[in-house]
Amino acid sequence: MAEEVYRPGLEGVIATETAISFLDVEREEIVVRGYNLLDLARERTYVDVVGLLIDGRLPDDQERAVLERRLLAAAEVPAQIWEILRLLPPRMHAMDRLRTAISTLGGFDPGVERVDPEQDRESGLRIVAQAATIVANLVRVREGQQPLAPDPSRSFPANFLWMITGRDGSPAEVRVFDQALIAYSEHELPNSTFAARVIASTLADVYGALTGAVASLKGPLHGGANEAVMAMLLEAGDEEGIERWIRERLARKERIMGFGHRVYMRRMDPRAQLLKETLTRLVAERGDAEGQKLLRMCERAERLMHAEKGLYPNLDYYAAPVFYVLGIPIELYTPIFFAARTAGLVAHVVEQHAHNRLFRPRVRYTGPRGLKPA
Ligand code: SDX
């Protein structure tokens with residue numbers, strides 16, 4: 001019996017049950033398997049959160065060390081992946097290249113045809129590890145350079161940041177990057193996670209589910225916003241410029257990337273607050289004049305958007321300047337979002353396969369009836 005629950009964009013509709021995460025907007029808490037995501041970002045590492053999400057339990061120090069070694073040992077990417085990426089048209093967006101790579105990875109996983117939670121976890125950890133290596137090398141390979149192979153002597157975040165920038169980050173920079181990975185790791189049922197669950201519910205494999213998630217995440221209304229925020233800041237140039245830039249576009253009824261959120265509506269995304277604090281600390285510690293100017297621009301725009309539209313920043317808004325001061329190429333911002341989110345996506349695929357029911361909603365039909373083909 002189809003129950004009439006129709007909301008455009010499924011706004012506010014409960015689409016599934018999950019033990020993985022929940023956005024408690026009232027209490028401004030992002031709950032991840034019982035923990036507050038911001039506590040995890042402040043006190044733990046991304047590898048801890050990978051263990052919590054995929055194995056279902058926060059690892060102790062020894063278990064985390066074992067998991068980190070396992071991820072780094074699995075981070076090598078088959079050479080054919082680089083060959084396929086080199087065949088793609090140079091103008092192709094980094095997220096579309098990533099989509100091809102994730103899809104192809106499945107062909108190199110002997111367990112891909114087995115669709116069960118244990119295999120999902122095994123394949124999922126490989127994807128978490130290999131997605132970082134692929135993302136870090138997307139620009140290098142497109143420009144015909146040799147990819148940087150993962151260096152297992154480094155920590156997971158230090159290796160990921162080193163592969164991206166080609167230089168060693170300071171401990172403070174690696175810590176900031178690790179926090180950003182945690183902030184991006186899991187967020188209940190965004191469009192890309194929903195896409196992954198819908199695909200997994202046909203018992204399609206984890207690679208297919210995550211390929212769909214990459215396609216969704218590229219959209220400017222979703223993950224693509226972090227790149228757009230950085231482009232806005234660079235084009236605006238300074239505090240007066242960002243005010244002018246935003247006013248011009250609001251006058252044309254355009255959206256300002258990095259603001260607003262379907263669930264947070266008229267509240268600050270707690271992750272944005274975390275990364276704003278992180279950015280403030282990083283640019284102060286480094287005495288980074290350009291970073292301090294970016295921070296002032298962001299704060300000016302924040303005040304303006306609140307005054308004009310009653311809107312608050314979301315995660316992507318402050319993630320952009322954080323990635324910029326870390327020296328990360330702008331076209332890798334959304335791919336990094338995906339790489340970090342693989343931990344949450346895999347957890348959702350495992351859960352969907354473990355307690356599956358095919359997603360197959362109904363429609364409210366608004367078209368004609370009774371037409372005759374003759
Ligand atoms: C992510 O779901 C998740 O959790 C996603 C994410 C995750 O971790 O996975 O949090 C990551 O995707 C963050 C969002 C990144 N996207 C952006 O920053 C793009 C800009 N934001 C918007 O396009 C918008 O806010 C959405 C898409 C995020 C939410 O849109 P909704 O819920 O569909 O809201 P809406 O489009 O109905 O807007 C409601 C009103 C409208 O005004 P009116 O037409 O009613 O007068 O708010 C306005 C909108 O015009 N509005 C904006 C705006 N966002 C909403 N106006 C200007 N700029 C904006 N950014």
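For ligands, and for the atoms within them, numbers begin at 1 and follow the listed sequence. Being a predicted model, the structure only gives us computed values, none of them experimental.
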Going by the order shown, which atoms of ligand 1 are within less than 4.0 Å of some heavy atom of [X]?
{"X": "A225", "value": "15 (C), 16 (N), 17 (C), 18 (O)"}
{"X": "G258", "value": "17 (C), 18 (O)"}
{"X": "D316", "value": "1 (C), 13 (C), 15 (C)"}
{"X": "G260", "value": "25 (O), 28 (C)"}
{"X": "P190", "value": "2 (O), 3 (C), 4 (O), 5 (C), 9 (O)"}

Decide whether an N or O pair under 3.5 Å exists between [X] and ligand 1.
{"X": "R255", "value": "yes"}
{"X": "I256", "value": "yes"}
{"X": "F259", "value": "yes"}
{"X": "M257", "value": "no"}
{"X": "R266", "value": "no"}
{"X": "R271", "value": "yes"}

Is_contact([atom]), protein non-hydrogen, under 4.0 Å:
{"atom": "atom 2 (O) of ligand 1", "value": "yes"}
{"atom": "atom 39 (C) of ligand 1", "value": "no"}
{"atom": "atom 45 (O) of ligand 1", "value": "no"}

Where is the nearest protein heavy atom to [atom]: which residue, which atom, and how far?
{"atom": "atom 7 (C) of ligand 1", "answer": "R341 NH2, 3.5 Å"}
{"atom": "atom 4 (O) of ligand 1", "answer": "H187 ND1, 2.7 Å"}
{"atom": "atom 16 (N) of ligand 1", "answer": "L221 O, 3.1 Å"}
{"atom": "atom 12 (O) of ligand 1", "answer": "H222 ND1, 2.9 Å"}
{"atom": "atom 6 (C) of ligand 1", "answer": "H261 NE2, 3.8 Å"}
{"atom": "atom 14 (C) of ligand 1", "answer": "N314 ND2, 3.5 Å"}
{"atom": "atom 42 (O) of ligand 1", "answer": "K309 NZ, 4.4 Å"}
{"atom": "atom 51 (N) of ligand 1", "answer": "L311 CD1, 3.8 Å"}

Has Q80 got more than 12 heavy atoms of other residues, nucleotides or ligands less than 6.0 Å from its CD?
yes
**OP:** Could you tell me whether Q62 atom CD has more than 12 heavy atoms of other residues or ligands within 6.0 Å of it?
**Re:** no
Side chain to side chain contact (heavy atoms under 4.5 Å, CB included) filter on R140, not counting sequence neighbours, yields N137, Q145, L148
Across all chains, not counting sequence neighbours, the ring-ring contact (aromatic ring centres under 6.0 Å, His included) partners of H353 are none
Atom 33 (O) of ligand 1: of E188, M305, E186, R262, the nearest heavy atom sits on R262
- Taking the six-membered ring for Trp, are Y46 and F156 ring centroids under 6.0 Å apart? yes
| request: Say whether N226 and Y184, considering side chains only, have a donor N or O and an acceptor N or O under 3.5 Å apart. | output: yes
Only one of I134, L217, L98, I164 passes side chain to side chain contact (heavy atoms under 4.5 Å, CB included) with P335, and that residue is L98
**OP:** Report the C-alpha distance between E28 and M268 in whole Å, list the side-chain angles of each, state the deciding distance to 0.1 Å, and finish with yes or no for side chain to side chain contact (heavy atoms under 4.5 Å, CB included).
**Re:** CA-CA 9 Å; E28 299 192 354; M268 182 93 160; over 6 Å; no
Basic-acidic side-chain contact under 4.0 Å: K276, E302 = yes
